[in-house]
Amino acid sequence: MISRIDLRGDALPEGGALRDLLPRAEFDVEAALEKVRPICEDVHHRGTAALIEYARKFDGVELEQVRVPAEALKAALEALDPAVRAALEESIRRARIVHRNQRRSEHTTQVVPGGNVTEKWVPVERVGLYAPGGRSVYPSSVVMNVVPAQEAGVESIALASPPQKEFGGLPHPTILAACALLGVDEVYAAGGAVAVAMFAYGTEDCLPVNMVTGPGNIWVAAAKRYFTGKIGIDTEAGPTEIAVLADSTADPVHVAADLISQAEHDPLAAAVLVTDSEDLAAAVERELEPQVAATKHVEDRIKPALAGRQSAIVLVDSLEDGLKVVDAYGAEHLEIQTADAAAWAARVRNAGAIFVGPWAPVSLGDYCAGSNHVLPTGGCACHSSGLSVQSFLRGIHIVDYTRDALAEVTHHVVTLAEAEDLPAHGAALKARFGWKVPTQ
């Protein structure tokens with residue numbers, strides 16, 4: 001059901017050589033880019049008419065309008081199962097606690113007497129958020145996108161999710177209910193690259209945005225790449241991943257359950273166990289069989305995900321080697337199920353989010369830990385962070401110098417300008433002092 005990669009016996013290679021030995025899903029954004037390019041440009045030129053045509057072509061629905069009416073949002077919330085509403089409200093409450101503490105405050109540094117640099121943080125003015133609606137529906141992704149944007153102070157928030165044939169062309173009602181709970185009233189029935197293009201270019205109904213965030217399929221990732229530079233993006237999210245670093249103290253029942261929990265997302269989902277215990281590896285392999293048989297989505301998602309080239313049990317000689325492997329892998333989600341798990345977690349450098357010990361499974365982070373589940377995939381955790389309040393903020397430096405403070409440093413500025421053969425840079429200071437460099 002899941003393959004093994006044995007890295008025991010020899011010294012582990014470094015850097016890219018080690019990464020090349022590890023399992024990873026094939027996710028060719030560049031190839032998808034060529035397919036989304038004409039779609040994006042069609043939306044640019046035809047606006048809402050193109051959105052309606054692509055809803056018919058890709059989603060099998062006939063839309064009269066793309067923006068979701070206010071009464072549909074209200075009706076979705078009123079019809080929401082009370083238990084689901086309570087769970088969403090708790091997810092929102094916990095996410096707000098964490099993200100509110102991520103706010104940054106303005107700070108002024110006195111570089112020299114009379115010379116100050118202030119860094120202020122300004123939220124992005126308008127954002128477009130994406131909530132997937134393909135194999136699964138993710139109201140939790142609405143929470144994870146909207147809460148940090150709101151806590152950052154973003155004034156204009158729009159959200160898109162694919163139209164659903166069974167709901168008359170509206171996005172899934174649970175998506176709409178989550179929007180209503182969060183106070184987001186600008187919602188569009190648009191999916192994939194079409195939604196990203198709508199946000200980037202704007203249409204008759206939707207004003208263009210400054211930034212697009214949210215997980216999605218390869219078409220969403222390709223459209224984000226296409227518009228990089230025109231708008232800000234969070235990340236080109238690929239298939240979801242879990243890596244588990246575990247030793248002989250880990251419970252194979254827990255480990256197997258957690259691997260399966262990510263495999264049920266998608267046939268390209270990655271489930272990786274890194275362990276120095278062959279006994280644990282064997283026990284997890286035995287445990288996978290009955291747990292997979294007892295759940296849903298077995299043939300179309302879980303089995304192909306676990307059997308795919310992106311999933312494996314990786315055997316190492318020691319936890320030290322295991323740490324090198326998980327850092328090279330840079331998982332979206334990394335669980336540490338070892339003795340002294342907190343100490344090992346503290347040494348990890350590359351992960352989207354780290355889950356410490358047996359009582360912090362990834363599923364908790366997906367919904368109600370308070371952390372954000374929009375995280376870097378495909379090894380991007382070595383250079384990128386998950387979605388947060390900071391994602392929606394821009395730092396601006398404000399430089400405020402007096403005449404005396406400028407005079408004190410003018411000779412250095414002039415010297416550096418001339419060293420770079422940019423004499424007009426130095427002249428801009430000389431002009432303020434009668435074209436003479438002030439005497440020090």
Of the non-hydrogen atoms in [X] and [Y], which two are nearest, and what is the gap between them?
| X | Y | result |
| --- | --- | --- |
| Val29 | Ile218 | N-CD1, 4.2 Å |
| Pro139 | Thr174 | CG-CG2, 3.6 Å |
| Glu241 | Glu332 | N-OE1, 2.8 Å |

With the threshold set at 4.0 Å, does a side-chain nitrogen-carboxylate oxygen contact exist between [X] and [Y]?
| X | Y | value |
| --- | --- | --- |
| Arg301 | Glu264 | no |
| Lys224 | Asp234 | yes |
| Arg4 | Glu285 | yes |
| Glu90 | Arg93 | yes |
| Glu155 | Arg126 | no |
| Glu41 | Arg37 | no |

Geometric class of the Tyr188/Phe199 ring pair [parallel <30°, tilted 30-60°, perpendicular >60°]: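 Geometry flag for Tyr188 against Phe199: perpendicular rings.
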
Check: Ser156 main-chain N/O paired with Glu186 side-chain donor or acceptor under 3.5 Å: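 It does not hold such a pair.
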
Inter-residue atom distance Trp359.CH2 - Gln337.CD, 0.5 Å rounding: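 That separation rounds to 10.0 Å.
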
